[in-house]
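Just below is one structure, and these are the notes that go with it.
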Amino acid sequence: MSVITPLGRTAGCLPVYLTVDVGPANAIMGDGHVRAPSWEMTFKGLDALRKAIPLLEERTQRSIPITWFVRADRFVEQQFGDCLAVVNRFMDKMDGLMVGGHELGWMPQLPSGGTDKIQHEDLEAGYQRFREILPDLKSVRMGDCYHDNASMQLLNMLGIRFDSSALPGREKHDGGWCMDWRKSPQFSYYPSCNDYSVPGSPQMNILEIPLSVAPILAPYDSKPLLRYVNPCFLENIWDAGLSELISTAPYLVCILHPDELVERATPGHPLIAYSCDTFISNIIRFLSRSAGFGRAVCFHAIRDFNSVSRAGEPFLELGHSLSNKKVKSDVTPFL
């Protein structure tokens with residue numbers, strides 16, 4: 001399995017978009033975070049990140065702005081009595097970082113009706129509430145990487161500039177999850193009005209910025225699977241499969257969840273280190289490896305994508321082994 005990336009980009013700057021999904025703990029362990037959401041480890045992880053980011057900036061001598069995709073939707077309202085409860089608590093904890101160039105983004109979780117029909121009207125309602133805190137909302141990531149034509153078209157109609165939900169080459173219809181990005185290109189594209197997952201004409205105005213993926217072998221895999229790039233992975237997992245991306249990708253979009261920085265008394269997902277120290281060392285080692293390829297890493301928020309990365313370049317498909325076949329699924333939504 002390979003990932004096709006542009007040639008002729010082995011030198012110069014490597015823009016990196018570090019994103020954090022602020023949702024209930026154990027988002028990668030199945031749909032339990034929807035059925036019985038727990039936030040304690042999430043807020044402990046935010047405390048860890050609030051301390052780790054300035055430390056990383058000091059040790060690496062560079063600014064590390066992050067895009068924080070924070071949950072605000074019907075599920076949050078049902079649990080806390082206010083759709084904005086998590087956003088408000090997040091701002092109380094992280095306000096010091098937010099004034100330093102970080103970006104607040106929105107992560108809505110869409111509910112299903114009795115016949116599993118997605119209730120898209122929740123998107124517009126949640127959007128209007130979120131704008132009470134951030135009137136100039138630019139960036140969205142859908143909970144569980146879900147999208148369909150109606151949801152992408154609605155975000156487009158609402159004027160959202162960037163969506164970062166695509167997980168190229170992946171499909172899931174199990175464990176309570178539904179997503180289909182099998183046909184999606186690896187890098188940014190303007191979605192077709194007729195198919196959210198691919199570029200085409202006529203096109204929407206919203207720009208889809210897919211998560212970066214690499215072939216990574218989990219302990220329970222028989223062969224590598226395309227997985228998103230997460231600096232909270234175990235060190236050997238984080239290092240595996242990144243060389244091609246570091247050397248040739250025009251940019252990287254990384255993702256992590258706050259609870260993945262918190263040490264656990266019971267086993268979690270076998271790919272995750274659950275260690276703030278590992279998160280820090282993974283980033284520092286990544287910078288060193290990139291320098292070895294002659295690429296200086298520059299961190300940016302998603303809202304700055306157009307000014308530092310080339311949108312609208314030729315759309316690049318995944319490897320031939322993925323182009324017309326379903327990608328192997330596993331027991332977790334993304335990993």
*Donor-acceptor under 3.5 Å (Thr278 side chain, Leu234 main chain)*: no
*asked:* Whether Arg89 engages the ring of Phe43 as a cation-pi pair (distance to the six-membered ring centre under 6.0 angstrom, angle to the ring normal within 45°) should be assessed.
replied: yes
*Taking the side chain as every heavy atom from C-beta outward, state whether Glu121 and Leu110 have any atom pair closer than 4.5 Å.*
no
*Count the heavy atoms belonging to other residues, nucleotides or ligands that lie under 6.0 Å from CD of Gln128, then report whether that count exceeds 12.*
yes
*asked:* So, applying side chain to side chain contact (heavy atoms under 4.5 Å, CB included) with Val213, which one of Leu226, Val253, Leu245, Val229 is it?
replied: Leu226
*State, without any angle test, whether Ser165 and Arg141 hold a side-chain donor-acceptor pair at a distance under 3.5 Å.*
no
*Is a donor on one side and an acceptor on the other found under 3.5 Å between the side chain of Asn88 and the backbone of Leu84?*
yes
*asked:* Under a 4.0 Å threshold between the charged nitrogen and the carboxylate oxygen, would Arg264 count as salt-bridged to Asp259?
replied: yes
_For Phe305 together with Tyr251, are the ring centres under 6.0 Å from each other?_
yes
_Regarding Glu103 and Ser139, do their side chains bring together a donor and an acceptor under 3.5 Å, going by distance alone?_
yes
_Treating Thr42 as the side-chain partner and Pro258 as the backbone partner, does any N or O pair qualify as donor plus acceptor under 3.5 Å?_
no
*Please determine if Asp136 and Arg131 form a salt bridge, counting it only when a charged side-chain N lies under 4.0 Å from a carboxylate O.*
no
*asked:* Tell me whether Gln79 contacts the main-chain N or O of Pro37 through its side chain, where contact means a donor paired with an acceptor under 3.5 Å.
replied: yes
*Before accepting this row, confirm whether a basic side-chain N of the pair Glu132/Arg129 lies closer than 4.0 Å to the acidic partner's carboxylate O.*
yes
*In terms of the angle between their ring planes, are Phe90 and Trp68 parallel, tilted or perpendicular, with boundaries placed at 30° and 60°?*
tilted
_Any side-chain donor near an acceptor of the partner, Glu235 and Asn282, under 3.5 Å_ = no
*Classify the ring geometry between His257 and Tyr228 as parallel (under 30°), tilted (30 to 60°) or perpendicular (over 60°).*
tilted
*Can Lys138 and Asp163 be counted as an ion pair, charged N to O under 4.0 angstrom?*
no
*asked:* Determine whether the aromatic ring centres of residues Trp106 and Phe69 are separated by less than 6.0 angstrom.
replied: no
*Could you tell me whether the side chain of Trp39 reaches within less than 4.5 Å of the side chain of Val86, counting heavy atoms only?*
yes
*Atom pair SG (Cys83) and CG (Asp73), whose distance is rounded to the nearest 0.5 Å*: 6.0 Å
*Do Asp21 and Arg71 sit within salt-bridge range, that is, some charged N less than 4.0 Å from a carboxylate O?*
no
*So, do Tyr196 and Trp181 have ring centers that fall under 6.0 Å from each other?*
yes
*Can you check side chain to side chain contact (heavy atoms under 4.5 Å, CB included) on Leu211 and Cys145, steps first, answer last?*
CA-CA 10 Å; Leu211 292 162; Cys145 290; 4.0 Å; yes
*asked:* Distance alone, cut at 3.5 Å: any donor-acceptor contact between the side chains of His120 and Asp148?
replied: yes
*State whether Arg50 and Asp47 are salt-bridged, where the test is any N-O pair (Lys NZ or Arg NE/NH1/NH2 against Asp/Glu carboxylate O) under 4.0 Å.*
yes
